[in-house]
Amino acid sequence: MRWTKFFIPTVRETPADAVAPSHRLMIRAGLIRQVAAGSYAYLPLGYRTLRKVENIVREEMNRAGAIELHMPAMQPVELWEETGRTIAMGPTLVRLRDQPWRKGTVLGPTHEEVVTDIARTFLNSYKQLPVTLYQIQTKFRDEQRPKSGVLRTREFLMKDAYSFDADKADLDYSYEQMYKAYCRIYQRCGLPYTVVEAESGPIGGDASHEFMVVTDAGEDIMARCRQCGYAANLERAMPAPVGKQSTEPPAEPQEVHTPDQRTIEEVTAFLKLGPERMIKTLIYKTDAGEAIIALVRGDHEINEMKLARAAGTAGVELADGDTIENLTGAPVGFAGPQGLNGKARMIADQAVAMMVNAASGANKEDYHVTGINPGRDFNPDLVADIRNAVEGDGCEKCGGKLHYEKCIEVGHVFKLGTKYSDSMKAHFLDEHGKSQPMIMGCYGIGLNRIVAAAIESHHDEAGIIWPMSIAPYQVLILALDYEDEEVRRAAELLYTELTAKGLEVLLDDRAMRPGPKFKDADLIGIPLRVVVGKKSLADGVVEIKPRGSKDIEKLSPDDAAERVATLVRSDMEALFRKA
Ligand code: ATP
Ligand code: MG
C-alpha cells in the first residue's frame with residue numbers, strides 16, 4: 001500500500017479526557033475516531049489490526065474444536081424474560097423503542113439466551129454432545145461510564161463461545177480447551193497476560209478465570225503474590241487468616257455516648273481508635289428472606305459474594321432500615337454484635353474473630369461500646385472469609401504478601417453449570433433415556449480490548465510498537481527524497497519484491513521533509529522500517545531498523561528484501577512458537 005493512496009489521518013491534538021496511552025495513541029495514529037461517547041469508528045489502519053486479532057481468535061477457536069455460527073444482535077425480549085436477565089442486566093441492556101411491527105427488542109450485550117434457545121431446539125440427545133459454538137459479533141452495553149477509548153465502549157466486538165456438555169467432567173474438558181486456546185490467542189497477539197481466579201457466583205470452586213493485562217488504564221484490581229504467583233481478582237482473592245490482634249488483656253465493655261456519630265470515620269475519630277479496632281455490623285437479607293448479621297473489621301470491606309457463599313444462598317442484599325431497627329432495637333448506624341446472638345444467623349469475618357477489645361455500636365441510639373471481645377460478648381454462628389483482601393494481606397497459598405495491581409480484563413472463561421439450561425429448559429436425553437439439563441460454559445474475549453491492551457503494553461513516548469502478528473503492516477518503507485529518481489526506483493523495487501514475498505508493506509511515498517516522516521513512522525509503530533534515502537543509496541545501502549530497537553542494519557538494496565523477509569518471519573514464528 002502506498003501512503004499517498006491510503007487513508008491515515010494522524011492527528012496532533014488529543015482530547016483532554018484521553019489519558020490512557022492506548023486512547024491517545026490510537027487517536028493520534030489515525031486508528032480510531034470517536035463518533036459518540038463510547039462508540040468509535042475504526043479507520044483503515046486500526047481496522048487492519050482489529051481484523052488480524054479477529055483472525056487469530058478465529059484460528060485458535062477452530063483449532064480448539066469450537067464451531068462458528070452467527071447470531072443476531074437484535075433479540076426478542078421474551079428470551080431475556082425467560083432467564084430473568086431483563087432485570088439482572090439493569091440499565092446496561094439496550095432496548096429498542098417499541099414499534100407497531102416490533103415489540104420488545106433488545107440489542108444483545110451477550111448471547112447466552114439466543115444460543116441456549118438454539119441448543120434446546122437442536123441438541124436433544126447425549127449422542128450430539130459435546131458441542132462448543134462460537135461467534136464474533138458486535139455487542140451492545142449501555143455502559144454508564146464509557147472510558148479510555150476502546151477499552152470500555154457501548155458497542156464492541158466480542159468473540160463469545162458457549163459449550164454444551166452432558167456432565168461435569170465433560171464440561172471440565174471443554175473449559176480446559178477454551179482456557180488453553182485463550183492462552184494461545186494472547187501469546188500470538190504478543191500480549192503479556194495473567195490468568196486470575198475470578199468470582200464465579202454460587203458455583204464457586206475453580207469455575208471462572210479472567211485473563212488480565214496489567215495497566216494503569218485498567219479498572220480492575222488483581223491481588224497477586226510475587227512469591228508464588230497466585231493471582232485473583234480482588235472480589236475473589238482469599239487472604240491468609242490473620243492472627244490475634246493484640247496481647248492486651250480483655251477489658252470490660254463500656255458504653256460511650258457518641259451523639260450523631262454513625263459512620264466508621266466519625267466514630268473512630270470520636271473514640272480516637274484506629275478503624276481496625278472497630279467492628280462493622282451489617283444486616284443483610286438472603287434471597288430466601290432470611291436476615292443475616294455480618295461482621296467485618298472497620299478497615300475491611302465486606303464481600304457480598306463471599307458472604308452469600310458462606311450463608312449458603314445465591315445472593316444477599318443489605319436489609320432495609322425497618323429490618324435493622326427491629327433486629328437491633330436501634331436506628332441504623334448503631335448496630336453491634338453483642339446481644340444479637342439468637343436474633344439472626346451471625347457470620348463473622350475471620351479477622352473479627354481475632355479482635356481484642358474492639359468497639360462497635362451499642363444497639364442503642366447515640367451509643368457505642370468499647371472493650372468487647374468475641375467469644376465472651378458475642379458468639380458468631382460461623383466464622384469465614386467474607387471480606388475483600390487488602391494490600392499487604394498474607395497469601396493464602398504460600399504465606400507471601402498480596403499486592404494490588406491495576407489491570408484490564410481481556411477475556412473471561414466461566415463454568416455456567418445449569419443456570420441457563422434450567423431456566424430455559426434446555427434438556428437432552430441421557431444414555432438411560434432420562435431428561436437432563438445441559439451443562440454449559442461460556443467464554444468471552446473482547447477484540448477491541450486486545451488491540452488497546454497491546455498498545456498499553458507496547459509503546460514508548462513516540463508512539464506504538466506493534467507486535468508483528470497484529471501490526472497493520474509488517475514493513476514500512478520510508479522513502480526519503482521520494483522525488484529523487486534513484487530513490488524512487490530503489491524504494492519501488494523493494495516494495496515490489498517484499499510484496500511478492502507475501503509481506504504486508506506500507507510505502508511512505510509522501511513528498512515531505514524527513515522529520516515528520518520519521519515522526520509518523522514512530523507514531524504508527526510498524527514493527528520493521530526500511531529507510532531508502534539519497535545519502536545512504538550513494539553509499540550503496542538501505543537501513544533496516546526494528547521499531548522497538550535502536551540497532552540499524554545497513555544492507556545493499558539487493559540483499560535487503562531477503563533480510564527483511566527473514567526478520568518478519570522469525571518475529572512471526574517466535575510469537576507462534578510460544579503459543
Ligand atoms: P468488565 O468487568 O470490564 O465490564 P465484563 O466482565 O462485563 O467486563 P464479560 O461479560 O465477561 O465482560 O465479556 C467478555 C469480554 O468482553 C471481557 O473480557 C472484555 O474483554 C470484553 N468487554 C466487556 N465489556 C466491554 C466493553 N464495554 N467494551 C469493550 N470490551 C468489553
Ligand atoms: Mg467478565
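Indexing begins at 1, ligand by ligand and atom by atom, following the structure's order.
Under 4.0 Å is where a charged nitrogen must lie from a carboxylate oxygen, and between Glu199 and Arg309 at least one such pair does. In summary, Arg236 and Glu210 do not engage in a salt bridge, as defined by a charged side-chain N under 4.0 Å from a carboxylate O. Taking 4.0 Å as the cut-off between side-chain N and carboxylate O, Asp349 and Lys280 do not count as a salt-bridged pair. Taking a cutoff of 4.0 Å between a charged side-chain nitrogen and a carboxylate oxygen, Glu112 and Lys419 do not qualify as a salt bridge. The pair Lys159-Glu60 does not count as a salt bridge, with every side-chain nitrogen at least 4.0 angstrom from each carboxylate oxygen. Ion pairing of Asp172 with Lys415 is present here, as a side-chain N (NZ or NE/NH1/NH2) and a carboxylate O approach within less than 4.0 Å.
For a distance bound of 2.8 Å, the N, O or S atoms of Glu210 include none lying that close to the Mg ion (ligand 2).
Looking only at heavy atoms of the protein, atom 15 (C) of ligand 1 is closest to Gly446 N, 3.8 Å. The closest protein non-hydrogen atom to atom 31 (C) of ligand 1 is Phe156 CE1, 3.4 Å. Remark: minimum distance from atom 19 (C) of ligand 1 to any protein heavy atom is reached at Arg449 NH1, 3.4 Å.
The local environment of CZ in Phe6 is crowded, with over 12 non-hydrogen atoms from other residues, nucleotides or ligands closer than 6.0 Å.
Interface atoms of ligand 1 facing His412, defined by a heavy-atom separation under 4.0 Å, are 11 (O). Annotation for ligand 1: atoms under 4.0 Å from non-hydrogen atoms of Gly411 are 18 (O).
With a heavy-atom cut-off of 4.0 Å, Leu151 touches ligand 1 through its backbone alone. Residue contacts with ligand 1, taken as heavy atom pairs separated by less than 4.0 Å, involve Thr153 via backbone and side-chain atoms alike. Of all the heavy atoms of Arg152, the ones lying under 4.0 Å from any atom of ligand 1 are found in both the backbone and the side chain.
His412 contributes ND1 and Glu409 contributes OE2; the angle these two atoms make at the Mg ion (ligand 2) is 100°, rounded to 10°.
In this structure, Asn448 has no heavy atom closer than 4.0 Å to ligand 1.
Considering backbone and side-chain N/O atoms, Val410 comes within less than 3.5 Å of an N/O atom of ligand 1.
Taking all heavy atoms of Glu155, Glu143, Arg154, Glu409 into account, the minimum distance to atom 2 (O) of ligand 1 is reached by Glu409. Comparing Lys159, Lys139, Arg141, Met158 by heavy-atom distance to atom 12 (O) of ligand 1, the nearest is Arg141.
A donor-acceptor pair shorter than 3.5 Å can be found between the side chains of Glu456 and Ser22. Looking only at atom types and distance, the side chain of Tyr404 has no donor-acceptor partner in the side chain of Asp393 under 3.5 Å away.
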